[in-house]
Amino acid sequence: MLQTAYIRENKELIIERYRKRNFDGAEIINQILKLDDDRKSTQQEMDAQLAESNQLSKQVGELFKSGKTKEANFAKEDAAHLKKRVSYLREKQENITNELQVLLYQVPNIPNETVPTGNSDEDNELVFEKNNPVVFDIKALPHWELAKKYDIIDFELGVKVTGAGFPFYIGQGARLQRALINFFLDEAHGAGYKEIIPPLMVNEASGIGTGQLPDKEGQMYHMQVDDLYMIPTAEVPVTNMYRDVIVKKEDFPIKVTAYTPCFRREAGSYGKDVRGLNRLHQFDKVEIVQIQHPEKSYETLDVMVEHVKGLLEKLELPYRVLKLCGGDLGFTSALTYDFEVYSAAQVKWLEVSSVSNFESFQANRLKCRYKDENGKMQLVHTLNGSALALPRILAALLENNQTEQGIRIPKALVSYTGFDLIN
RNA sequence: GGAGAUGUGGCAGAGUGGUCGAAUGCGGUAGUCUUGAAAACUAUUGUACCGUAAGGUACCGGGGGUUCGAAUCCCUCCAUCUCCGCCA
């Protein structure tokens, strides 16, 4: 969420930058500014009436004390009259504030100036590519067939027990999954991230804090009995740790990591993109989150990108890094790098990580702030990234490393799995 | 799940209808003293909104109500503690 004061001061720049997203912001921005004007003038009027009413109430008390009952009763009547006006204004103010809130929720983050203009993923900018060509001496099988062949993932069983998108990992498949989680967590720990095990369900306030609510409500599983939401990513509970928190300057940067299962309804997706591990309702992910001083957040973004690169290098996977164009950029993000690994049998790139700088967009909703040199409260910058999401990594590992003997486990993982071949 | 108690500023802790944004203590900041430090003393020390400013308004767990006036009374929700029950 953008701050209205910032919108007021940077109106033209914001509208200009929104062009990168193909978003015409002029109208909504003007509406916001107008509503904010209304808000201010109503507030002023209400404050004045309240001041008068407070004054009167004080007098009533004094008059009663000094025994001037008659005058006191007159004053009481005046006050009661004022009260009606105040309650009208209060209601008006509430409506304006709500309307303003709704509009502010609809306004996306401002893309960083380096974000390429564009409509779709075709306009994303390739910033890095590492190709270690995959050579097969056998016919390449997609991972869902490999999963069956080696009995390491059972999709049908998941359908029976829960539904589509909830696979069972079995035997070496389960152990490989656990190995990846431990590997990612150890790498994050080595990079200075504090490890967290957060709740897997969050309340409404947390959903709003990171921007899933109110808009993307349909993407989360909602436990209506207790009004709790299953987390779609660890970002939600972990970032919300810092909701309503004043960060001390010397605590920058705050670095936390968490492994969690993630739950997504993925309403509306179907077809071949959801085959096998490509898109699940429940999947595992290790997330890294940083809270940083605004001046250093882009530096930090680069460091996080390097961290994720390092993971993919160690896993020996062909991968590429894309800078997302405005049209592909998430609602809350100012700049995002996507990581994709090449999946040899599907012959396509699969997104496995997304590393973003949200600048103060999330912090504004979260009210996560620090005191600057002048003692003024300022919003922090938040960043996060997947490091990494497991299913597509697993898919690529299976497809790229298949041999006649079985599936080769990358060296970096062997100490975690305890085996170097799935067969 | 049942019964009871509690929820006040960074912390501790007063305040049970008016002059209370809130005593007091601790902590924080600045200063005096000191070669320096400690101690002592003095001042200052919440957040948000409006306003060039002076100043005004709101906030005493959240929400609602009573009243001219609520930290204080009522309703409701949430959290914590104690006891009982249940349980990995």
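In what follows, every chain begins at residue 1, and chains take the letters A, B, ... in the order their sequences are listed. Note that the coordinates shown come from a computational prediction; the quantities given were computed from them, not determined experimentally.
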- Task: Using the side chain to side chain donor-acceptor pair (under 3.5 Å) rule, take His143(A) and Glu399(A) through it: C-alpha gap first, then chi angles, then the decisive distance, then the call.
- Result: CA-CA 5 Å; His143(A) 68 268; Glu399(A) 293 184 17; 2.8 Å; yes
Distance, rounded to the nearest Å, where [X] contributes [atom1] and [N] contributes [atom2]:
| X | N | atom1 | atom2 | result |
| --- | --- | --- | --- | --- |
| Gln93(A) | C49(B) | CD | P | 13 Å |
| Glu91(A) | G65(B) | CD | C1' | 16 Å |
| Lys70(A) | C68(B) | NZ | C1' | 19 Å |
| Lys376(A) | C49(B) | NZ | P | 9 Å |
| Leu100(A) | C49(B) | CG | C1' | 13 Å |
| Gln59(A) | C68(B) | CD | P | 16 Å |
| Gln378(A) | U47(B) | CD | C1' | 15 Å |
| Tyr370(A) | U47(B) | OH | C1' | 18 Å |

Within the 4.0 Å heavy-atom criterion, would you say [X] contacts the bases, only the backbone, or no part of the nucleic acid?
| X | result |
| --- | --- |
| Ala51(A) | sugar-phosphate |
| Arg90(A) | nothing |
| Leu50(A) | sugar-phosphate |
| Asn54(A) | sugar-phosphate |
| Met46(A) | nothing |
| Lys371(A) | sugar-phosphate |

Classify the ring geometry of [X] against [Y]: parallel below 30°, tilted from 30° to 60°, perpendicular beyond 60°.
| X | Y | result |
| --- | --- | --- |
| His222(A) | Tyr229(A) | parallel |
| Phe252(A) | Tyr370(A) | perpendicular |
| Tyr221(A) | Phe166(A) | tilted |

Taking the side chain of [X] as its heavy atoms from C-beta onward, which of [options] lies nearest to it?
| X | options | value |
| --- | --- | --- |
| Lys83(A) | G18(B), U57(B), G69(B) | G69(B) |
| Arg369(A) | A48(B), C68(B), C49(B) | A48(B) |
| Met377(A) | U47(B), C50(B), G69(B) | U47(B) |

Suppose we define a pair by two distances each less than 3.5 Å, Watson-Crick or G-U wobble; what does [N] pair with here?
| N | answer |
| --- | --- |
| A58(B) | U47(B) |
| G1(B) | C84(B) |
| G25(B) | C11(B) |
| A39(B) | none |
| C68(B) | G18(B) |

Quantified in whole Å, what is the [atom1] atom distance between nucleotide [N] and nucleotide [M]?
| N | M | atom1 | value |
| --- | --- | --- | --- |
| A23(B) | U76(B) | C1' | 32 Å |
| G21(B) | U47(B) | C1' | 11 Å |
| C60(B) | G13(B) | C1' | 13 Å |
| C59(B) | A71(B) | C1' | 11 Å |
| C74(B) | C49(B) | C1' | 30 Å |
| A5(B) | G56(B) | P | 41 Å |
| C11(B) | G4(B) | C1' | 28 Å |
| U66(B) | U72(B) | C1' | 13 Å |

- Message: I need the single residue from Gln44(A), Gln49(A), Gln43(A) that forms a side chain to side chain donor-acceptor pair (under 3.5 Å) with Asp47(A). Which is it?
- Response: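 Running side chain to side chain donor-acceptor pair (under 3.5 Å) over Gln44(A), Gln49(A), Gln43(A) with Asp47(A) returns exactly one hit, Gln43(A).
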- Starting at the 5' end of RNA chain B and moving along, which residue's nearest nucleotide shows up first, Asp36(A) or Val60(A)?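 In this pair, the answer is Asp36(A).
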- Earlier contact from the 5' end, RNA chain B, for Leu56(A) and Gly61(A):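 Comparing both residues, the 5'-ward one is Gly61(A).
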- Message: Quick check: closest heavy atoms across Leu2(A) and Leu104(A), and the distance to 0.1 Å?
- Response: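 Of all heavy-atom pairs spanning Leu2(A) and Leu104(A), the closest is O-CD2, 3.9 Å.
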- Query: Do you know the tightest heavy-atom contact between Ala179(A) and Thr417(A)?
  - Reply: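 Taking every non-hydrogen atom into account, CB-CG2, 3.5 Å.
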